[in-house]
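First listed ligand is number 1; within each ligand, the first listed atom is number 1. Quick caveat: nothing in here was measured; it's all calculated off a predicted structure.
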Amino acid sequence: MVCETIRVRGTVQGVGFRPFVWQLAARLGIAGEVSNDGEGVLVRAQGESDQLDAFAAAIVAEAPPLARVTSIERVPLPAFSASGFTIAETTGGTRRTGITPDAAMCAACAAEIGDPGQRRFGYAFTNCTHCGPRFSIVDAIPYDRTATRMRAFTMCADCRNDYDNPADRRFHAQPIACPDCGPRVDMQLAEVVVALKAGAIVALKGLGGFHLACDATNEAAVSTLRARKRRPHKPFALMACHIGMIGKFARVSAAEALLLGDPAAPIVVLPGKNAALAASVAPGLDRIGWMLAYTPLHRLLCDGIDRPLVMTSGNLSGEPQVVDNEEALVKLSGFADRFLMHDREISRRLDDSVATVVGGQLRVQRRARGYSPAPLEMPRGLRHAPPVLALGGELKAAICLGFGSEAVLSHHLGDLEDAHTYDAFEAAIDDYERLFGHTPQAIACDWHPAYRSVQKAEEMAADRRLPLVRVQHHHAHIAACMAENGWPVDGGKVLGIAFDGTGYGGDGAVWGGEWLLADYRGFERLATLKPVRLPGADVAVREPWRNLLAHIVSAFGYQGGMARLRDAGLADAFEGKPVSAVVRMIESGFNSPESTSAGRLFDAVGAALGCAFDRVTYEGQAAVELESLACPDAAATAYRYGRKTVDGVVHVDPGPMWETLLAQRADGVPGGLIAWRFHAGLAEAAGCLAVSLARRHGARAIALSGGVMQNGLFLSLLLDALSQQDLPVLSHRQVPSNDGGIAFGQVAIAASQLLGK
Ligand code: ZN
Ligand code: ZN
Ligand code: FE
């Protein structure tokens with residue numbers, strides 16, 4: 001007989017790990033005990049040495065679905081006496097970062113709610129150790145029922161038996177419930193199904209907040225929802241009961257099918273739009289965001305209606321999603337014909353996550369339900385840093401808590417320019433600090449003096465007398481990408497391509513098309529897109545035609561530019577616009593900051609091809625429509641860019657690209673081909689320049705970040721362009737490449753400063 005301790009680290013608490021080990025021990029004839037503590041799961045095991053080898057191997061290989069084992073460590077022990085195998089009570093605390101994300105209903109629970117012979121048949125709050133609510137209902141750690149919103153419900157005897165039985169799928173499933181003792185919906189589901197089929201809009205309380213739902217095949221219902229929400233174009237996400245239904249409407253690759261079925265159950269953006277769907281689901285786009293019904297409540301509804309449902313967040317425009325029943329009745333009554341509510345409270349608002357598959361890899365675009373608050377590992381060399389709190393950016397706000405070896409990147413908190421969202425942002429800082437017992441020794445933020453998150457960081461640093469680490473926006477993007485990819489502190493510099501909408505550069509210009517030589521400590525701007533005026537600043541972001549005009553004037557001057565626009569048949573579109581006033585702004589610089597933004601270049605090209613020419617009604621609309629417009633054109637050559645060195649910085653000039661683009665437009669080349677050639681040309685220019693700069697400056701990798709990297713076509717073309725050279729290419733997967741990821745980069749940079757590395 002041999003004795004040893006087996007230490008298991010990773011996401012191993014609140015996911016059914018102890019009963020799993022218990023069952024494994026019984027199967028393999030191991031004696032001893034298993035417990036939770038501050039580092040993860042600790043096993044004391046006794047058995048023959050080959051039995052123990054098999055046991056340790058199975059702990060990793062057969063781990064429960066929601067567990068993620070990052071390491072297992074075996075240490076020999078002096079003999080101890082043990083008869084049988086027991087589950088010990090938690091004594092030494094639990095892991096601070098061990099709160100698991102919410103998980104979509106598992107197959108076993110799905111089978112149960114569909115089986116009339118089961119007592120949970122048709123029950124909308126069925127869950128087990130392998131699925132169900134977690135982060136959305138937890139108020140404190142350790143994760144016990146009393147620390148969750150399920151404390152309002154007393155378990156019945158049957159549920160208690162399941163909960164106490166280590167052989168049961170619901171052993172220690174804190175949200176365990178059944179029709180006798182658990183939460184209830186306030187309306188017959190059959191009635192709601194009838195209403196949805198008849199075209200009603202239903203406000204539905206889900207897992208992390210309210211949705212507005214309607215039949216996605218009913219044009220009248222969908223356009224009514226658009227009119228009521230005053231949301232003319234921004235695409236709606238759809239929900240389906242099973243993957244076969246999605247396959248009828250969209251093209252789903254094997255990797256995308258896996259992602260749809262993941263316990264995180266994100267919205268996955270899929271190509272293809274079927275005529276059976278209401279046209280106003282996603283106007284102007286050839287792709288739609290889909291998710292699978294992820295709670296039993298959603299599943300029962302979707303099964304009942306047997307059509308895709310629009311599932312959009314229940315909120316007033318710009319405000320956060322509603323989570324409380326009373327608030328819903330007040331705020332959503334103008335949108336919804338019916339309410340479907342229930343009596344389980346929501347601890348914190350969690351939007352649906354959004355993800356795509358590009359280059360065969362998962363790319364999280366909005367990190368919320370199902371992904372947060374899973375911890376991210378910090379790279380080697382930064383793991384002994386003191387705790388840091390980073391407050392991120394302004395749009396797509398998210399905060400990040402650095403714990404030394406790990407970091408917790410918060411769920412998506414929204415755009416801080418809305419007052420309610422800002423309140424929710426402040427509340428989230430308190431919530432995360434309290435929940436994770438985090439006491440920062442430094443605060444990190446952006447450079448932008450007008451960001452509300454920066455003002456908050458300044459206040460907090462002053463109040464608590466903590467150092468404030470200010471981080472340049474695109475340096476944070478690149479550092480987030482490096483850290484996510486485990487780039488060690490002593491790994492050398494990387495060449496970062498930060499293609500983005502907006503970021504404060506410190507020189508009065510708006511940055512966003514940058515080639516940076518960076519490590520965690522600092523960065524050097526080696527190259528940038530040529531600066532172009534943004535006539536009217538924010539107005540130019542909302543009205544892509546202004547941006548187009550600025551680009552054309554910058555490339556050809558006013559006379560030459562107007563002549564080319566006329567030849568390309570674009571002059572009519574400018575009829576009735578204050579063209580000469582805008583040109584004066586461009587020439588004088590009045591209220592027209594210089595911008596090197598790649599996002600704005602996409603907007604301008606989009607406008608030239610008729611995408612959201614007059615104005616956008618959601619962020620990035622012109623660029624999203626441009627990507628959607630593009631048709632593959634492998635034969636044609638991509639558009640070229642010029643290069644010029646100004647004050648030691650390479651300026652990448654889109655002038656030659658515009659020249660060809662407008663000439664081809666004048667020749668009647670279809671917009672789809674032009675759109676593709678633009679994407680391909682920019683990817684080639686960005687990639688080639690990055691490689692040559694990396695060689696010249698001894699960079700050891702190329703890192704890709706910024707909101708533009710969410711453009712799947714551009715990212716895949718850029719990855720292709722970089723595949724023919726031998727430097728490693730770092731790109732985002734779990735951390736959004738947009739501003740939802742910069743807080744993580746801020747933590748890494750602050751950690752490196754605090755450690756003096
Ligand atoms: Zn389950
Ligand atoms: Zn019960
Ligand atoms: Fe950004």
Q: Angle at the Zn ion (ligand 2): provide the value between SG of C156 and SG of C181, rounding to 10 degrees.
A: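 Centred on the Zn ion (ligand 2), the SG/SG angle is 110° (to 10°).
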Q.
With rounding to 10 degrees, what does the angle C159:SG / the Zn ion (ligand 2) / C178:SG come to?
A. 110°
Q: Apply the side-chain contact (heavy atoms from CB on, under 4.5 Å) test between K396 and each candidate in L413, N738, I742; give the one that qualifies.
A: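 Answer after filtering L413, N738, I742: N738.
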Q: Sort out for me which residue in C400, S372, P373 forms a side-chain contact (heavy atoms from CB on, under 4.5 Å) with V408.
A: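 The residue from C400, S372, P373 that satisfies side-chain contact (heavy atoms from CB on, under 4.5 Å) with V408 turns out to be P373.
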Q.
Ring centres under 6.0 Å, that's the criterion: do F602 and F499 meet it?
A. no
Q.
Tell me if the aromatic rings of F523 and H474 count as close, with their centers under 6.0 Å from one another.
A. no
Q: Could you grab the distance from atom CD1 of I497 to atom OG of S731, nearest 0.5 Å is fine?
A: 11.0 Å
(Q) Which atom name does D500 have for its N/O/S atom nearest to the Fe ion (ligand 3)? (A) OD2
(Q) Please name the atom of D739, limited to N, O or S, that comes nearest to the Fe ion (ligand 3). (A)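 Sorting the N, O and S atoms of D739 by distance to the Fe ion (ligand 3) puts OD1 first.
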(Q) Taking CZ in R145 as the centre, count heavy atoms belonging to other residues, nucleotides or ligands within less than 6.0 Å. Is the count above 12? (A) yes
(Q) At less than 2.8 Å, would any N/O/S atom of H474, backbone or side chain, sit next to the Fe ion (ligand 3)? (A)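 No.
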Q | T596 and its side chain to side chain donor-acceptor pair (under 3.5 Å) partner, picked from K530, H651, E514 | A | E514
Q) Protein N, O or S atoms less than 2.8 Å from the Zn ion (ligand 1), ignoring waters? A) C106 SG, C109 SG, C128 SG, C131 SG
Side chains of residues 14-21: which donor-acceptor partners sit under 3.5 Å, not counting sequence neighbours?
unit_1 : atom_1 : unit_2 : atom_2 : d
R18    : NH1    : A88    : O      : 3.1
R18    : NH2    : H172   : ND1    : 3.3

